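Step one of this worksheet: look at the structure below.
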Amino acid sequence: MKKLFLSLLLICFTIQWTSAQTMAFSAIEVKVKPFTQKDIKEAFEEVFADVEMNKGAIVLERFTGGDSNGMTHRLVFLYTLGEKMIPDEFWASDKTAAFWAKMGNYIEDWGVSYSGRMMSWKEGNLETNPEVHIWDIIPEDPAAFKVAHDKIVDEFKEEFKDRVVGFGTYDIGLPNGATHWIGLTGKDTVDHLMLYDKMGKNSRFVKLLQERGGYELTKDFSLNIISSKQ
């Protein structure tokens, strides 16, 4: 699994894609050994400290709620198709090799890996809203779902202020059979619940939710952003 994911990353970050400027991601879930989160965070920040990112980011997250299939953390690479996120020489450096060697010492098990695209993406402040709630879904009509999703984000700007709000696809991996995902950040679990309570009482919001059409929810979970490099 580790070798497969590393090969996928090399493809994503070294090939010059010919697609339009679309944001995409590759993620891998891992189970770290007890009491090693601090070590992984330090290794992550050390290896990426001097790296100049080009239209992308790398995020280290910890599962905080929902079904995580026994995994404890997730590493996510966000990048722009058509752009090299990180210089080629970085991947061949001794520093990178040392990082993966350290990660191997701290990781107890490698979980699933998957990749996809962001079809809608609203930026937010990850420092003030570091907890991410993700819904894995199979929409009946993805195009209609996106239209209604974009209306929601546009009409409720104040409610989503400083929050990342995203909708996108799973193109490789299809975790739990899902074809799409929705993501929303907040301060913590209570902050998320307060937002859901407020929005659920708004008739316009409820109407727009219905306009998304039917969908199957295959899984939902939350994560806390431990560290990131942009």
Side-chain angles (χ1 to χ4, degrees), residues 4-28 44 47-61 74-93 96 113-130 132-139 141-157 160-175 178-185 208 211-213 215 223 225 227-230:
L4 176 62
F5 181 68
L6 292 180
S7 297
L8 175 63
L9 291 183
L10 288 174
I11 291 173
C12 291
F13 300 141
T14 61
I15 291 178
Q16 287 296 314
W17 298 74
T18 59
S19 64
Q21 295 288 293
T22 300
M23 290 180 64
F25 70 92
S26 292
I28 186 168
F44 174 88
V47 75
F48 293 113
D50 301 324
V51 178
E52 291 189 11
M53 310 294 290
N54 177 37
K55 298 182 181 180
I58 304 175
V59 185
L60 177 63
E61 304 168 326
R74 190 173 79 154
L75 192 60
V76 184
F77 293 76
L78 309 170
Y79 48 95
T80 303
L81 296 180
E83 300 286 346
K84 283 191 177 183
M85 176 184 176
I86 297 175
D88 292 347
E89 53 267 24
F90 170 79
W91 298 110
S93 69
T96 307
S113 61
Y114 38 88
S115 298
R117 292 163 292 149
M118 288 76 154
M119 309 310 292
S120 296
W121 187 259
K122 173 196 167 296
E123 292 288 352
N125 189 327
L126 296 182
E127 291 186 2
T128 58
N129 293 292
V132 188
H133 189 186
I134 295 177
W135 296 263
D136 287 349
I137 63 173
I138 306 174
D141 185 342
F145 196 101
K146 180 183 182 304
V147 170
H149 172 90
D150 292 345
K151 284 184 181 179
I152 291 172
V153 176
D154 183 62
E155 292 191 24
F156 293 92
K157 292 185 176 66
F160 293 127
K161 183 180 179 181
D162 293 331
R163 298 176 188 267
V164 172
V165 189
F167 168 66
T169 64
Y170 287 121
D171 299 298
I172 301 174
L174 303 184
T179 59
H180 292 75
W181 54 270
I182 309 163
L184 173 69
T185 64
L208 289 174
E211 288 183 10
R212 298 184 306 180
Y215 66 91
L223 310 109
I225 299 172
S227 187
S228 63
K229 174 66 178 183
Q230 299 182 50

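Remember, predicted model here, so these are calculated numbers, not experimental data.
Ring orientation note: the planes of Trp181 and Phe25 are nearly perpendicular, at an angle over 60° on the 30°/60° scale.
Here Asp150 contributes atom CG and Met119 contributes atom CE; the two are 10.0 Å apart, rounded to the nearest 0.5 Å. Rounding to the nearest 0.5 Å places CG of Asp136 at 11.5 Å from NE2 of His180. Distance check, rounded to the nearest 0.5 Å: NZ of Lys161 to CG of Asn129 gives 11.5 Å. For the atom pair CZ (Arg74) and CD1 (Ile134), the distance works out to 4.0 Å, reported to the nearest 0.5 Å.
Residues Val153 and Ser120 have side chains not in contact (no heavy-atom distance under 4.5 Å, counting atoms from C-beta outward). No side-chain heavy atom of Met23 sits under 4.5 Å from any side-chain heavy atom of Lys55. A heavy-atom distance below 4.5 Å is found between the side chains of Leu81 and Tyr79. Ile152 has its side chain out of reach of Glu211: every pair of non-hydrogen atoms, C-beta onward, lies at least 4.5 Å apart.
In this structure, Arg117 contributes its side chain and Ala24 its backbone to no donor-acceptor pair below 3.5 Å. Ser26 places no side-chain N or O within 3.5 Å of a backbone atom of Ser115 that could act as its donor or acceptor partner. In terms of modelled atom types and a separation under 3.5 Å, the side chain of Lys122 and the main chain of Phe160 share a donor-acceptor contact.
When the options Thr22, Val164, Val165 are evaluated for a side chain to side chain contact (heavy atoms under 4.5 Å, CB included) with Trp121, the one that passes is Val164. Each of Val147, Asp141, Ile182 was evaluated against Arg212; a single residue qualifies, Ile182, per the side chain to side chain contact (heavy atoms under 4.5 Å, CB included) test.
Taking both residues in full, the closest heavy atoms of Phe145 and Pro139 are given as CD1-CB, 4.0 Å, listed atom of the first, atom of the second, then distance.
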